[in-house]
There are 2 protein chains.
Amino acid sequence: MPKPEVDPTVQLELSVDRSSPVPLYFQLSQQLEAAIEHGTLTPGSLLGNEIELAARLGLSRPTVRQAIQSLVDKGLLVRRRGVGTQVVHSQVKRPLELSSLYDDLEAAGQRPATKVLVNTLVPASAEVAAALGVAEDSDVHRVERLRLAHGEPMAYLCNYLPPGLIDLDTAQLETTGLYRLMRAAGITLHSARQSIGARAATTAEAERLAEETGAPLLTMQRVTFDDTGRAVEYGTHTYRPTRYSFEFQLLVRT
Amino acid sequence: MPKPEVDPTVQLELSVDRSSPVPLYFQLSQQLEAAIEHGTLTPGSLLGNEIELAARLGLSRPTVRQAIQSLVDKGLLVRRRGVGTQVVHSQVKRPLELSSLYDDLEAAGQRPATKVLVNTLVPASAEVAAALGVAEDSDVHRVERLRLAHGEPMAYLCNYLPPGLIDLDTAQLETTGLYRLMRAAGITLHSARQSIGARAATTAEAERLAEETGAPLLTMQRVTFDDTGRAVEYGTHTYRPTRYSFEFQLLVRT
DNA sequence: TCAATCGGAATGTCCGGACAATCTGACTAC
DNA sequence: GTAGTCAGATTGTCCGGACATTCCGATTGA
């Protein structure tokens, strides 16, 4: 009779470099993540107990635990008391992050193109002022862009940024995404408040996206904050739903 | 001349109960979270250094750090080396969680109602079988519901569940949400893969939601997994975009 | 044969300490 | 007056250990 399916404990070759400035727990978690991604650690397989793993690597248990915990937080591992730590069964991709449309498209091999329609300073409307936390009628950047994939319009992006944060160069905006520019300017993105909805296209909207008036559009509004809690960007986007939808993985907060 | 704004270090009354079975770090993090929610800890205020906080509470520094870290993970606090830990400036609500439409509506005071249209066993289509990881044509639960708020239809929900997991009682489905039933049945929800889009309503869809044919609809598809990685639910939902939109807060993963 | 009990194994919590990295502000030198 | 330097403060990383809690399987008893 065949033995019942038992998730095997996997022996990996792991190693850490103590002379590296990269934290030890981070080195370990990256190697484990790579092994999961690569398939060396198969879903359901046990990781082996923490104490022995620590001894094998010459690390302390807290350090090993910190590495494992970071992967648990990402949803790649599950720990169970008395049982052990195992790789999650399901096809977990990535938890939802603050994604950039440009990067998403590029990763999907869609070769995105951007057409900057407007790049100017305007007085903040009440709505924009409230979102960015600046005074009404004070100057803010306004950027309107059309994002295309395979030459077809895909999304219309209208963004507002507080002044003084970043130098918005039209040429740069056409070759990369806004988030990448902000990160390059030393802004640490931290969180965002989003709202996703749908509505019928107005005539102006339809024209921009090569749709018909009244066609359904996917809409997204977002305020992005940096690590000090300042609002650094407010955007109103409309997407062609036949060309784009939001896909992401959620984790239950525990 | 007025003094420049300086974020004050706040002195809170904190205490822990060592006889409680609740972990010490959790007691502390809950008190801190409550203080933030309540406004005692104002945005931008410093928390005071960890060492002194630990001494004041009679705890060790790792325990205090664990409490603070859990709030950092939730996006409520920000730590900066050499500076300290401070409350995030922005109006952080809650990071996106695996939300239940029913609970969301109830929390918003909308008094949701549910009408169960279908509650039966059907053979799994290829699409459903793939999503749930079961054999094609094997039996799965199919539940169709209409969710109303203030007597108006708001969303049409079609869900599939693998058999044997839960007893689906129509009366219970009309008085509470599916997720709450699953949790009550001992299922630990862990993660979900979602896709949000939009499309024009077909005649049948329009009729169900009291809209016109061709009206824009917001759509959501979701596969939910429990903590072992099993798929426990697959759903296809359509929402009236004039009545509902998805709102959530994202954190950048670091 | 089946159910209750026990013990091993693994993670969960907590401690106290040590040193490194980084930021801020004050001091010093030009 | 301005720029560079230094010291203090604070979090980041890491160690080694201790005991509690929970799960699962094996032994024991009916």
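Here is the naming used below: chain letters follow the sequence lines, and residue numbers restart at 1 for every chain.
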*Asks:* Any side-chain N or O of Ser60(B) below 4.0 angstrom from OP1/OP2 of dG17(C)?
*Replies:* no

*Asks:* For Tyr234(B) versus Val223(B), what's the shortest heavy-atom pair and its separation?
*Replies:* CD1-CG2, 3.7 Å

*Asks:* Could you report the tightest heavy-atom contact between Val134(A) and Ala124(A), atom names first, then the distance?
*Replies:* CG2-CB, 4.3 Å

*Asks:* Please report the distance, rounded to the nearest Å, between CG in Leu77(B) and P in dT10(D).
*Replies:* 16 Å

*Asks:* Let me know the distance between CZ of Arg18(A) and P of dC19(C), rounded to the nearest Å.
*Replies:* 15 Å

*Asks:* Provide, to the nearest angstrom, the distance between the CG atom belonging to Asn49(A) and the P atom belonging to dC24(D).
*Replies:* 17 Å

*Asks:* I'd like to check Thr114(B) versus Leu173(B) (side-chain heavy atoms, cut-off strictly below 4.5 Å). Are they in contact?
*Replies:* no

*Asks:* Rounded to the nearest 0.5 Å, what's the gap from CD1 on Ile196(A) to NE2 on His237(A)? Could you check?
*Replies:* 11.5 Å

*Asks:* Looking only at the side chain of Val83(A) (C-beta and beyond, no hydrogens), which of the listed nucleotides dC24(D), dC14(D), dA21(C) gets closest?
*Replies:* dC24(D)

*Asks:* Give the nucleotide from the list dT13(C), dT13(D), dC15(D) with an atom nearest to the side chain of Arg65(A).
*Replies:* dT13(C)

*Asks:* Under 4.0 Å between a side-chain N/O of Thr85(B) and OP1 or OP2 of dT11(D), yes or no?
*Replies:* yes

*Asks:* Hey, which sits more toward the 5' end of DNA chain D by its nearest nucleotide, Gly58(A) or Arg80(B)?
*Replies:* Arg80(B)

*Asks:* Check the distance between dT13(D)'s P and Gln69(A)'s CD and give it to me in whole angstrom.
*Replies:* 14 Å

*Asks:* Using only side-chain N and O atoms of Tyr25(B), determine if any of them is under 4.0 Å from OP1 or OP2 of dC14(C).
*Replies:* no

*Asks:* Need one value for Pro62(B): base, sugar-phosphate or nothing, where a base atom within 4.0 Å counts as base even if backbone is also close, heavy atoms only.
*Replies:* base

*Asks:* Using salt bridge (charged side-chain N to carboxylate O under 4.0 Å, His left out) as the criterion, point out the one residue from Arg65(A), Arg81(A), Arg56(A) that pairs with Glu50(A).
*Replies:* Arg65(A)

*Asks:* Can you tell me how far C1' of dG17(D) sits from CD of Glu50(A), to the nearest Å?
*Replies:* 15 Å

*Asks:* OP1 or OP2 of dT13(C) sitting under 4.0 Å from any side-chain N/O of Thr63(B)?
*Replies:* no

*Asks:* How long is the line joining CG of Leu57(A) and P of dC15(D), in whole Å?
*Replies:* 10 Å

*Asks:* In whole Å, I'd like the distance from the CZ atom of Arg61(A) to the C1' atom of dC19(D).
*Replies:* 11 Å

*Asks:* Tell me whether the OP1 or OP2 atom of dG12(C) has a side-chain N or O from Arg79(A) closer than 4.0 Å.
*Replies:* yes

*Asks:* Whole Å only: how far is the CD atom of Gln66(A) from the P atom of dC14(D)?
*Replies:* 7 Å

